[in-house]
Protein chains: 2
Amino acid sequence: MKNVDMREPTFMVLAALANGRKHGYALIGEAGELSNGRVKLKVGTLYAALDRLQSQGLVASAGEEVIDGRLRRYYELTDSGAMLLEDEVSRLEGNIRQAKARLRLRAAAGRVS
Amino acid sequence: MKNVDMREPTFMVLAALANGRKHGYALIGEAGELSNGRVKLKVGTLYAALDRLQSQGLVASAGEEVIDGRLRRYYELTDSGAMLLEDEVSRLEGNIRQAKARLRLRAAAGRVS
DNA sequence: CGACCATAGTCAGTCTGTCGATATATATCG
DNA sequence: CGATATATATCGACAGACTGACTATGGTCG
């Protein structure tokens, strides 16, 4: 197992694609929803991430359509992308479990809020 | 709320300090435990993170001792460091909740796992 | 004695993601 | 018509984290 070290925007892209194919621009909105408006994906970040993830085989293109004269290029998560996302999720879960346990000890020991 | 964008080693340092002061070298071991041996902190990473976190007021030095003729320099989490770690934890929790929900849909919708 | 562990650091370099700016095209709203 | 929103995409620059290699000292083990 290699080091993943995924940043938030990248995580958002994968997560947004986890429930079905989407086109690039739509991901910007999805990332906003996923994070309660915290993360506003920038286009530069988005397409760079998409390229990178494709070259790593985590995301694949999934057809194009023309809607109202505007091109939409779709992307989907590959199986390997889904697996990576799952791994990342469990890794994070483990980390936060530990962090919370320790924070609880700290709160118990030192009171205050 | 600003963008934190913390990487794993940094997170580990904060989490390891959350339940009480520790000296630098001890953090290497702690990080290993915290992550089931996944993360092996490098000294360079460690002291760089410690410096950075101190300059951000998230970690403070907490005295020194000489044990068996060897110097130990202790560090502790500041209140503001603890708050940041809490924020980071909730942020991650939200992210993984969403990601898991979407991964579930994907599994339900389609093929294999 | 020499090797090795514990403990403290420093520093130059690398990597890589993210950002901001820029460009292009169409549809729509006022 | 011009602005704005949808949609695509590229590119250079920047910041920051991480790594690897190095130095140093005091124990301990063989």
Side-chain angles (χ1 to χ4, degrees), chain A residues 2-17 21-33 35 38-56 58-59 61-75 84 88 95, chain B residues 2-17 21-33 35 38-56 58-59 61-76 84 88 91 95:
Chain A
K2 56 190 60 170
N3 225 18
V4 194
D5 196 21
M6 195 181 303
R7 312 263 245 291
E8 199 170 29
T10 302
F11 182 92
M12 286 302 172
V13 169
L14 292 182
L17 285 175
R21 67 168 204 162
K22 302 210 172 49
H23 60 102
Y25 201 78
L27 294 173
I28 295 175
E30 285 278 313
E33 281 180 40
S35 63
R38 260 201 6 271
V39 178
K40 171 98 182 80
L41 275 188
K42 310 298 155 56
V43 288
T45 307
L46 172 65
Y47 289 107
L50 250 12
D51 285 351
R52 186 177 5 110
L53 293 170
Q54 276 187 96
S55 82
Q56 294 168 187
L58 305 171
V59 162
S61 43
E64 339 191 318
E65 278 177 31
V66 175
I67 307 280
D68 283 329
R70 291 190 212 92
L71 178 66
R72 285 184 177 180
R73 190 156 285 157
Y74 287 87
Y75 299 91
L84 183 93
E88 174 74 359
N95 286 170
Chain B
K2 55 190 60 170
N3 226 15
V4 193
D5 196 23
M6 195 182 303
R7 312 263 249 286
E8 198 169 30
T10 302
F11 182 93
M12 286 304 173
V13 170
L14 291 182
L17 286 175
R21 65 170 205 162
K22 304 211 168 48
H23 60 101
Y25 202 78
L27 293 173
I28 295 175
E30 284 279 312
E33 282 180 38
S35 63
R38 263 201 3 271
V39 178
K40 172 97 182 81
L41 276 187
K42 312 296 157 55
V43 288
T45 307
L46 172 66
Y47 289 108
L50 248 15
D51 284 352
R52 184 173 9 106
L53 293 170
Q54 277 187 96
S55 81
Q56 294 167 187
L58 304 172
V59 162
S61 43
E64 340 191 317
E65 278 178 30
V66 175
I67 307 278
D68 283 328
R70 294 190 210 90
L71 178 66
R72 286 184 175 179
R73 189 157 285 157
Y74 287 87
Y75 298 91
E76 68 186 357
L84 184 93
E88 174 76 359
R91 186 178 67 96
N95 286 171

Problem set entry | Nearest heavy-atom neighbours spanning A:Leu46 and A:Gly24 | CD2-O, 3.3 Å

Seminar exercise, completed: Rounded to whole Å, the CG-C1' distance (A:Asp68 to C:dA25) equals 14 Å

Problem set entry | Length of the line joining B:Asp51:CG and D:dG16:C1', which is rounded to integer Å | 14 Å

Exercise. Want to settle it: does A:Leu71 or A:Ala48 sit nearer the 5' end of DNA chain D, counting the closest nucleotide to each?
Worked result: A:Leu71

Exercise. When the nearest nucleotide of DNA chain D is assigned to B:Leu41 and to A:Leu46 on a heavy-atom basis, which residue is associated with the more 5' position?
Worked result: A:Leu46

Exercise. For the pair made of CD in B:Glu8 and C1' in D:dG16, what is the distance, rounded to whole Å?
Worked result: 17 Å

For this session: Could you check which of D:dT8, D:dA17, C:dT7 has an atom nearest any side-chain atom of B:Thr10?
Result: D:dA17

Exercise. So what does A:Gly24 hit on the nucleic acid, given a heavy-atom distance under 4.0 Å: a base, only sugar-phosphate, or nothing?
Worked result: sugar-phosphate

For this session: In plain terms, say whether B:Arg21 and B:Glu65 are close enough for a salt bridge, that is, a side-chain N and a carboxylate O under 4.0 Å apart.
Result: yes

Exercise. Which heavy atom of B:Glu30 sits nearest a heavy atom of B:Ala16, and at what distance?
Worked result: CB-CB, 3.8 Å

Seminar exercise, completed: Assign each of A:Gly69 and A:Thr45 the nucleotide of DNA chain C bearing its closest heavy atom; nearer the 5' end lies the nucleotide of A:Thr45

Exercise. Roughly how many Å is it from NE2 in A:His23 to C1' in D:dA5, rounded to a whole number?
Worked result: 13 Å

Exercise. Which one, C:dT18, D:dC22, D:dT8, comes nearest to the side chain of B:Val43?
Worked result: D:dC22

Exercise. Is B:Arg70 touching bases, backbone alone, or none of the nucleic acid, heavy atoms closer than 4.0 Å?
Worked result: base

Exercise. A:Arg72 has an atom CZ; how far is it from atom P of C:dT24, in whole Å?
Worked result: 24 Å

For this session: Figure out the CE/P separation between B:Met12 and D:dT19, and round it to whole Å.
Result: 12 Å

Exercise. Base, sugar-phosphate, or nothing: which does A:Gly44 touch, judged by heavy atoms less than 4.0 Å apart?
Worked result: base

Problem set entry | Nearest-Å distance for atom pair CZ/C1', residues B:Arg7 and D:dA15 | 10 Å

For this session: Would you tell me if any nitrogen or oxygen in the side chain of B:Arg52 comes within less than 4.0 Å of OP1 or OP2 on D:dG16?
Result: no

Exercise. What nucleotide among C:dA8, D:dA9, D:dT19 has an atom nearest to a side-chain atom of A:Tyr47?
Worked result: D:dA9

Exercise. Between C:dG9 and B:Tyr75, is there an OP1 or OP2 to side-chain N/O distance shorter than 4.0 Å?
Worked result: yes

Problem set entry | side-chain N/O A:Lys42 vs C:dG20 OP1/OP2, d < 4.0 Å | yes

Seminar exercise, completed: Heavy atoms of B:Tyr75 and B:Leu17 approach each other most closely as O-CD2, 3.3 Å

Exercise. When the distance from CD of B:Glu65 to C1' of C:dA6 is rounded to whole Å, what number comes out?
Worked result: 15 Å

